[in-house]
Amino acid sequence: MSVADYQQYDQIAVIALNQPPLNSLGHELRASINALLQKALEDQDIKAIIVTSAHDTFCAGADIREFGLPAAANAPNLRTLIENFEASKKPVIAAIRGICAGGGLELAMAAHYRVAQSNTEFAFPEVKLGLIPGAGGTQKLPRAIGVEPAIQFMMSGNFVKGAELAKTSLIDCIIDDHFLDNVIAFANTLIIDRKPLKRLRDITLANTPFSAELEHFLLPYYKTAAHYPAPIAVIDSVKDAFTETYETGLQNERTRFIELSNTSSSRALRHAFFAPRACQKIPGIDTSTPNKTINSVGIIGAGTMGTGIAMNFLNANINTVILDQSPAALDASLAKINTHYQDYVKKSRLSISQAEYSLSHLKASSNYDDLREVDLVIEAAYEDLELKKAIFRKLDQVTRKDTILASNTSTLDINAIAACVSQPERVVGLHFFSPANIMKLLEVVRTTSTSNTVIATAFSLAKKIGKLAVLSGVCDGFIGNRMLEHYGRMARILVEEGALPWQVDQALEEWGMGMGPFRVFDLVGNDVAWAVRKRRYVEKPHVRYGKVADEICLLGRFGQKTHKGWYHYEIGSRDPVPDPEVEKIIIAYRKQHGITPQHFTPEDIVKRCIFALINEGARILEEGIALRASDIDVVYLTGYGFPRFRGGPMKYADELGLGNVIHELNALYQESGDPFWRPAKILEQYAAAGKSLN
Ligand code: NAD
């Protein structure tokens, strides 16, 4: 199949891009468009050229998989194509439907005329990848829609509908019906009326200062410019559009584009873009793997997680039975769900009928018989292995033999739970994150017996309820929490050894983490980590834990829920206030244990905590718990507030260079004697082979 079609309608040539789904401008498509353009230019009978799509997406942009590869530079590149459009002596008309983004929009802006549908979606999403449009977009868009709208358009990276742009020079005509016929009629009129060959590049812009409204819009971008430089490059390039010649503006844009594409921020953002796509690919599972439709779900445990999990299914209008042994827990859960939907109606995020429709799918129960016909059960009872085993034995008796049985356990051995069921292949871990109706991440945990059908079903169900699924093997804490345990452990040891909780939080937040560890502990509840630690003291007594945290818990300082934790919280406020009481507790603890406080720089703090994530992440990879390094990055970017501009802990390790990571880990080991810091073997193997993790 050709990647672009050519058809002649009397004096008009129609070049239709035909590389579904996105018509990404890879080398083959560029070459094809260029060849067909030359064909139309050479044909004496052709008087106008329409460039459109053979399907419902005009063009989503450059093929970013070509990034950094020789194919990206292969002639003709996008800029040559654009020059050839602009140089055409015959009118070129871009006829745009569906998506028109990035390089696709730059190509469309090189046409002399643009026709679009009202619902065509236009965007320059480059900033989301740490880039700017690199083929004239920053110079032409301000000329097409105005300086300030162009800045907002390019800095947000979001889609804007054709209807909203209809009155600008970006769109000459909106055609919604009988699209191609009417575009051909439009082209014929241009020929008959001998309309001029308009070029956006020829428009002159006035040099006017930015409005106060725009300056206000720009403020947050200036604040984050050190980590996200692309938006600032958009502003600088747009300034060129009204202070420099078009050619100089174009050259400067190119220089900035190349500089940005070589930043670690852009590499990380591109990685963060591709990684969630990669994690949907599971060896042995493809479209031919049987996949069950889930029309009904049972949830056991109407606590924090069960309630949040239920809302995901209600939002997707899937019948949901929520079961709890405690009538009080069921009442509280129903009240919480009702309040949630009422709030959504109040905030106009849902209509009353939508909310009522979702709620009509909910049933509360205390009777396992109500689970007889459901397609999936998710257990979210207390974190107690014996209790969970008993629940699964019961489920084995009451559910259909093809019902998928899932546990939301955070730490327990799902292999042991699966062993309680006569068909262990139907057991899987579905580890939601709190608040479960909000957090996008879902760890799908494959036991030694889980069938491919169950995994495939879990992944499609995740999509249906708006979650991003990542596959994990069975281990204590799976991918995310297993790494977090060491991150938290190092944060607590730092406090024992001389830092204060707010210094640790500040260092990590300035480095980019969404929330420092001590704020997270207070949010989740210090009792939660304490319960895990108590188990660890027995299981692994030789490990150093940072037991100063126990002193905080012994005082009932469980965090936000008790208004006191590592911080103090005013009643009704979630703002953490550093608490002198906590400092006293820490100082007393150090004295009692003969610890001389050390001084830690923010870099020391970041190194210990982030390298803990890297080393444990590498072990997770080595053990095959995660399929690939980028899956670990997805877990951290989606579930743990890891900064996108660093791409995830594994990508960050790659950026540092694995040799350097090993060197630092060895130094931490020498300094502390903690065997945890011995570099994971996989790091050494990859470094020796000159490979990166991603
Ligand atoms: P929770 O204490 O808020 O709720 C547990 C509920 O289970 C209670 O309402 C209890 O009455 C009910 N229950 C206990 N035994 C039952 C039984 N035999 N039959 C029916 N109902 C029963 O706990 P939670 O925080 O919602 O955690 C639930 C599970 O989710 C745990 O395994 C936990 O590790 C896991 N998890 C928790 C979080 C979190 O942040 N809270 C995050 C991910 C996973």
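Both counts, for ligands and for their atoms, begin at 1 and track the order of listing. Predicted model, so just to flag it, every value in this text is computed and none were measured.
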Open item on the list: Strictly below 4.0 Å, N to O, side chains only: are R619 and E623 in salt-bridge contact?
Closed with: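 No salt bridge links R619 with E623.
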
TODO: Would you mind checking if R393 and D396 are paired as a salt bridge, meaning a charged N to carboxylate O distance below 4.0 Å?
DONE: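 Looking at R393 together with D396, the answer is no, because their closest N to O distance does not fall below 4.0 Å.
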
Would you say [X] has any N or O atom under 3.5 Å from an N or O of ligand 1, going by distance alone?
| X | answer |
| --- | --- |
| D324 | yes |
| T304 | yes |
| N408 | yes |
| I300 | no |
| S410 | yes |

For [atom], what's the nearest protein heavy-atom neighbour? Residue, atom name and distance, please.
| atom | answer |
| --- | --- |
| atom 2 (O) of ligand 1 | Y382 CE2, 3.4 Å |
| atom 31 (C) of ligand 1 | A381 O, 3.2 Å |
| atom 39 (C) of ligand 1 | M305 SD, 3.6 Å |
| atom 15 (N) of ligand 1 | Q325 NE2, 3.5 Å |
| atom 4 (O) of ligand 1 | G303 CA, 3.2 Å |

TODO: Would you kindly say whether E373 and S296 are connected by a side-chain donor-acceptor distance under 3.5 Å?
DONE: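 No, S296 and E373 have no side-chain donor paired with an acceptor closer than 3.5 Å.
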
Open item on the list: For a quick check under 3.5 Å, do S353 and S351 share a side-chain donor-acceptor pair by atom type?
Closed with: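 A donor-acceptor contact under 3.5 Å links the two side chains.
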
Task: Within-4.5 Å side-chain heavy-atom neighbours: F274 and S630 - done: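 With C-beta onward as the side chain, the pair stays apart.
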
Considering only heavy atoms of [X], which atoms of ligand 1 have at least one such atom less than 4.0 Å away?
| X | answer |
| --- | --- |
| I391 | 17 (C), 18 (N) |
| G301 | 6 (C), 7 (O), 12 (C), 21 (N) |
| Y368 | 19 (N) |
| A329 | 9 (O) |
| T409 | 32 (O) |
| A380 | 5 (C), 7 (O), 28 (C), 29 (C) |
| S434 | 40 (O) |
| K388 | 31 (C), 32 (O) |

Task: Within-shell test, E379 vs ligand 1, heavy atom, strictly < 4.0 Å - done: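 Contact check E379 vs ligand 1: negative.
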
- [ ] Using the test ring-ring contact (aromatic ring centres under 6.0 Å, His included), find all partners of F392 that sit at least two apart in sequence or belong to another chain.
- [x]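 Applying ring-ring contact (aromatic ring centres under 6.0 Å, His included) to F392 gives none.
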
Please check: side-chain N/O of [X] versus main-chain N/O of [Y], any donor-acceptor pairing under 3.5 Å?
| X | Y | result |
| --- | --- | --- |
| N315 | S358 | no |
| T562 | G559 | yes |
| N312 | G308 | yes |

TODO: Count the heavy atoms belonging to other residues, nucleotides or ligands that lie under 6.0 Å from CZ of R544, then report whether that count exceeds 12.
DONE: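 Yes, enclosed.
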
TODO: For atom 23 (O) of ligand 1, state whether the nearest protein heavy atom is under 4.0 Å away.
DONE: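 Within 4.0 Å of atom 23 (O) of ligand 1, no protein heavy atoms are found.
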
Measure [X] to ligand 1 on non-hydrogen atoms and call it side chain, backbone, both or neither using the 4.0 Å cut-off.
| X | result |
| --- | --- |
| V524 | neither |
| F432 | backbone |
| L387 | side chain |

Should the pair [X] and [Y] be classed as cation-pi, given the thresholds of under 6.0 Å to the six-membered ring centre and 45° from the axis?
| X | Y | answer |
| --- | --- | --- |
| R277 | F273 | yes |
| R492 | W566 | no |
| K547 | Y537 | yes |

Mind listing the side-chain donor-acceptor pairs of residues 427-439 below 3.5 Å, one per line with the distance, residues two or more places apart or on another chain?
| residue | atom | partner | partner atom | Å |
| --- | --- | --- | --- | --- |
| H431 | ND1 | E443 | OE1 | 2.8 |

